[in-house]
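Heavy-atom basis, side chains included; hydrogens, waters and symmetry copies ignored.
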Amino acid sequence: MTEDAFHRFAAEAEAADSTRRLWAAARRWLRTEGVVRLSYHHYPGTAGLAPTDSLSIDGFPEDWAAAYVAGNLQRVDPIPRVAMRTFEP
């Protein structure tokens, strides 16, 4: 991990005034770390999925991302739930 890139990300994240800008800062930093595909699943609260949940997808093939969203596959995808319980990749 390049320390300079992380510090730039931290500064951008702190200054972000919207989730769109925060997501853009995270994408830029993760790209410097070699990440080519990422998604962010936001589940407000702990009672399960709600209409205010949000999903951001980047780097996946467009047809795959469209099928994931159209099929509401975040409801059965185990990876985000595992990620919520661990800090290790």
Side-chain angles (χ1 to χ4, degrees):
M1 171 171 59
T2 59
E3 198 169 318
D4 288 343
F6 178 76
H7 287 296
R8 274 193 304 277
F9 163 68
E12 288 181 31
E14 186 174 355
D17 59 358
S18 68
T19 55
R20 186 177 344 158
R21 288 190 176 162
L22 180 58
W23 176 247
R27 284 182 20 215
R28 277 190 295 278
W29 172 57
L30 291 167
R31 292 283 184 249
T32 69
E33 299 301 312
V35 174
V36 295
R37 292 184 184 96
L38 62 138
S39 65
Y40 176 78
H41 302 241
H42 175 72
Y43 303 125
T46 57
L49 298 174
T52 57
D53 295 340
S54 64
L55 174 64
S56 297
I57 301 173
D58 187 65
F60 291 90
E62 286 186 34
D63 58 340
W64 182 92
Y68 189 91
V69 171
N72 207 17
L73 297 178
Q74 69 270 21
R75 290 186 177 267
V76 296
D77 187 345
I79 301 301
R81 296 210 188 310
V82 170
M84 286 189 282
R85 292 190 303 260
T86 184
F87 291 105
E88 296 182 28

Listed pairs under 3.5 Å, donor-acceptor, residues 7-17 side chains, sequence neighbours left out:
unit_1: His7; atom_1: NE2; unit_2: Glu3; atom_2: OE2; d: 3.3
unit_1: Glu12; atom_1: OE1; unit_2: Arg28; atom_2: NE; d: 3.3
unit_1: Glu12; atom_1: OE1; unit_2: Arg28; atom_2: NH2; d: 2.5
unit_1: Asp17; atom_1: OD1; unit_2: Arg21; atom_2: NH1; d: 3.1
unit_1: Asp17; atom_1: OD2; unit_2: Arg21; atom_2: NH1; d: 3.3

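Annotation: side chain of Thr32 is not in contact with side chain of Phe6 (no heavy-atom distance under 4.5 Å).
Partners of Trp23 according to the ring pair (Phe, Tyr, Trp, His ring centres under 6.0 Å) rule, which considers only residues two or more places apart in sequence or in another chain, do not exist here. Every residue meeting the side-chain contact (heavy atoms from CB on, under 4.5 Å) condition with Val82, not counting sequence neighbours, appears here in chain and number order: Arg85, Thr86. The side-chain contact (heavy atoms from CB on, under 4.5 Å) test applied to Pro61 returns Arg37, Asp63, Trp64, not counting sequence neighbours.
The CD1 atom of Ile79 sits 9.5 Å away from atom OG of Ser39, with the distance rounded to the nearest 0.5 Å.
Nearest heavy-atom pair across Asp77 and Tyr68 is OD2-OH, 2.6 Å. In plain terms, the two heavy atoms of Asn72 and Gln74 that are nearest each other are OD1-NE2, 2.7 Å.
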